[in-house]
Each structure stands twice: as structure tokens, then as C-alpha cells.
Amino acid sequence: MSSTADAAAPAGHHHGDDHDHDHAAHPQGTLKSYTVGFVLSVILTAIPFWLVMSGTLPTQVTAITIIAFAVAQIFVHMICFLHMNMKAEGGWSMMALLFTLILVVIALTGSLWVMYHLNTNMMPGHDMSQLP
Amino acid sequence: MSDAALTTTQGAPRFYLADEHEHEEGGSTALGFWIYLMSDCLIFAILFATFGVLGGSYAAGPSPKDLFDLPLVALNTSMLLLSSITYGFAMLAMQRGRTGQLQAWLAVTGLFGLAFLSIELYEFAHMIHEGATPQRSAFLSSFFTLVGTHGLHVTFGLIWLVTLMVQVKRRGLIAANQRRLACLSMFWHFLDVIWIGVFTFVYLMGMLR
């Protein structure tokens, strides 16, 4: 069966070609990418923990800073560890990621927004004697 | 036989491939697995949203400041981060075809993953012992659901990792095993990405509330 397939395959296509094809489809990591990713992750993890544990900055500033660090670290992981780029799988990996991010943003902001207002408007009024 | 031998009007048979070209076995696995991970991402997004809504509802029960032990969470985070880099080293060993190195790095990754799970279970047990059970308040229900789902993913990742170690030992670095290791690589690093969200939004932001 395989001999038939080989005979029918276009000339010049042999098993050596498969390797190159794989490289284009799934980009692989290098020692450099993993090391850079790890060092950046350690820095981007240590600083938020230190900020919260020491309490050097005001609460509001700390909150914004640690969210910024988390977003930066997610980017580092995506690029250095998951090897995301525009070309992986002919761009479809990135498409799926972007589509998911849009859904995540809608679900997260929508839920938080609606439920925050619901909470605020459903707060018990001043007349606490009505409550059981 | 998938090849269809068709007419022979001129005597010699002509062969046509009934299958499509350029789709070698497992060629679309990486993309398919990535799309599965994206659907998993949606599950976590909803759990994060739930925690975001309910995370402040303590029902007069314990708050994050009473419960969370940040040095322990930092230790836990470092375990997961170290397991990420060791899995990276395992993938590098796989690319060079070094089975022994690959198995060693996979074992180290498994140990870090196990350490992560143990610390998490210790934390859960400690909280439940203090009466901070999932039934105590909406905050704790959503906390245990979110962090527990992540822990469950790590557990299944560990089972997968051990399975692949056995597979590589028995069958060697065949193409199918390389594909499976690449999928587990994505899964493992993805769990690390989710954990960034967990330690930032659940633990660190919880301490700031």
C-alpha cells in the first residue's frame, strides 16, 4: 500500500521534506527563547509579589501595576513558551487566539459591569426595619 | 486500499489518489489542540468572571486577608514556573533526539507539578480545617471552583505526562510520540498562563481588597 502511494506521490517529495514542513507548521523553541522567557517570568512574578507583600505603593497604584505585570507576563509566555506568532499554522492559531480573546473580553467586562451595577442598585435601602 | 484503480481503456491501469494530498497523519493535530485550549480558556474566563462578581461576598465569613498565605502562594508559583522551563528543556532534548535527557526532564517536570499540587492541596486542607469550606460564602465557592479547576487540569497534565513517559520508554521517539509531547507542551504552558491570572487576580488582588 505504501509503495503505491510513494509511486503516485509527485516527484521530489520524499520523507526528508516532511521535516521542513513541520518547522513551518509548529515553530519550536530554542534554548534562548526558553531561558529569556523564564528570566522575564521570574522578574515579572517577583515584582508584583514584592509590591503586595511590602505595601510600598498605595493600593490603587499597586493594583494597576500588578495587572500590567500580569498582562506583560502572559505575553512573555505566549511568545517564549507557546511560540505564538502570526505564521504558525498559516495564521489560524493567531486567529483562534484573537477570537477567543474577544469572547473573553466581552464575557469578563460584561459580567463585571452588569453585576457591579446590579449589586449597587439592589443594595438594601435605609429602612433596615423592613428586613426580617 | 484507498487508492482507486480506475479504467483501463488503453490497457495500462491508471491510479488516482482518493485521499487529499499534503495532509500527513497528525498534520492538523497542533491546530486542533490549540483550538481545544482556546475553549478551555473560555471555561477559565467564565470562572474568573464568576470570581470577579462573587469575590467580595464574604457572608460575614473569612476574607482573603484572613486566609491567604502569600509566601506559600509565591512558592507554589515558583514550582509551576520551574516546571514550565524544565518542560521546555524536555522539548529541546526531544528535538535533539536524546531520549534519556527527555525522560529525565519530564521526570523533573512531573516532580515540580506534584510539588505544586501538594502545596495547593495543603492550602485547601488548611482552609477547610479553619472552616473556610466552599459552602461558607460565595467568595469561597468561586475561589474553590476557579483554583480547583486549575488544579484538576494540572492533575490531568501529570497523568498525561506519566503516560507519555511510558509511551516514550516503550515505543521511543516516534512521530506520534513527538506530536503528543508537543501537545502536552502547549497544555502545560497554557496552565502556567492561567496561573498568572490566578495569582494576580485571586491572591494578590484579594490581599489588596
Side-chain angles (χ1 to χ4, degrees), chain A residues 1 4-5 7-10 18 21-22 25-26 28-31 33-35 37-38 41-42 44-46 48-49 51-53 59-60 62-63 66-67 69-71 73-74 77-78 80-82 88-90 92-93 96-97 99-101 103-105 107-112 114-116 119, chain B residues 1-3 15-17 19 21-22 24 27-28 30-31 34-35 37-39 41-42 44-46 48-50 52-54 56-57 70-71 73-74 77-78 81-82 84-85 87-89 91-92 95 175 178-179 182 185-186 188-190 192-193 196-197 199-201 203-205 207-209:
Chain A
M1 177 169 174
T4 323
D18 290 346
H21 181 68
D22 276 351
H26 335 289
Q28 289 175 322
T30 58
L31 183 61
S33 79
Y34 284 120
T35 318
F38 180 71
S41 298
V42 169
L44 292 171
T45 305
F49 268 96
L51 278 177
V52 172
M53 284 158 99
T59 310
Q60 202 84 44
T62 311
I66 63 175
I67 290 174
F69 273 97
V71 172
Q73 199 181 345
I74 288 173
H77 276 249
M78 282 286 171
C80 294
F81 290 158
L82 285 164
E89 304 286 349
W92 286 109
S93 295
L97 178 63
F99 176 60
T100 310
L101 284 182
L103 290 184
V104 166
V105 167
L108 273 179
T109 54
S111 305
L112 293 178
V114 169
M115 295 310 285
Y116 173 77
N119 260 349
Chain B
M1 291 291 282
S2 56
D3 304 345
F15 289 94
Y16 294 92
L17 279 181
D19 295 328
H21 286 288
E22 301 298 330
E24 74 268 37
S28 49
L31 180 59
W34 180 254
I35 290 172
L37 284 182
M38 292 300 99
S39 72
C41 188
L42 291 179
F44 280 107
I46 297 309
F48 271 111
T50 312
V53 170
L54 301 175
S57 312
L70 276 193
V73 180
T77 306
S78 61
L81 209 52
L82 283 167
S84 244
I85 180 88
Y87 200 99
F89 290 150
M91 289 301 284
L92 293 175
Q95 286 166 31
Q178 296 203 18
R179 199 165 64 230
S185 168
M186 281 194 271
W188 200 260
H189 293 308
F190 170 77
D192 214 2
V193 173
I196 298 170
F199 81 70
T200 304
F201 288 101
Y203 290 100
L204 294 181
M205 296 289 271
M207 296 302 271
L208 291 177
R209 265 180 198 270

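Numbers restart at 1 for each chain; the letters A, B, ... are given by sequence-line order, proteins then strands. Keep in mind that this is a model prediction, so the values were computed, not measured.
Annotation: maximal heavy-atom pairing with chain A below 4.5 Å, among B:L54, B:D192, B:I46, B:I35, occurs at B:D192. Heavy-atom pairs under 4.5 Å with chain A peak, among B:L70, B:L82, B:T50, at B:L70. In terms of heavy-atom pairs under 4.5 angstrom with chain A, the leader among B:L37, B:T200, B:I196 is B:I196. Counting heavy-atom pairs closer than 4.5 Å to chain B, the top residue among A:L82, A:T59, A:T35 is A:L82. With chain B as the partner, the residue from A:L97, A:V114, A:T30, A:L103 showing the most heavy-atom pairs under 4.5 Å is A:L97. Among the candidates A:M115, A:M78, A:H77, the residue making the largest number of heavy-atom pairs closer than 4.5 Å to chain B is A:H77.
Proximity to chain A involves both the backbone and the side chain of B:M38, based on heavy atoms less than 4.5 angstrom apart. If you measure heavy-atom distances from B:F201 to chain A, the contacts under 4.5 Å come from the side chain alone. Only the side chain of B:L92 comes within contact range of chain A, judged by heavy atoms closer than 4.5 Å. Interface remark: A:V42 contributes backbone and side-chain atoms alike to the contact with chain B (heavy atom separation under 4.5 Å). With a 4.5 Å cut-off on non-hydrogen atoms, B:M207 touches chain A through its side chain but not through its backbone.
With sequence neighbours left out, A:F49 forms a ring-ring contact (aromatic ring centres under 6.0 Å, His included) with B:F199. Scanning for side-chain hydrogen bond (donor to acceptor under 3.5 Å, both in side chains) contacts around A:T45 gives A:Q73, with sequence neighbours left out.
For the pair B:M205/A:I67, a side-chain contact is recorded, criterion being any heavy-atom separation below 4.5 Å from C-beta on. You'll find the side chain of B:S84 reaches within 4.5 Å of the side chain of A:F81, heavy atoms only.
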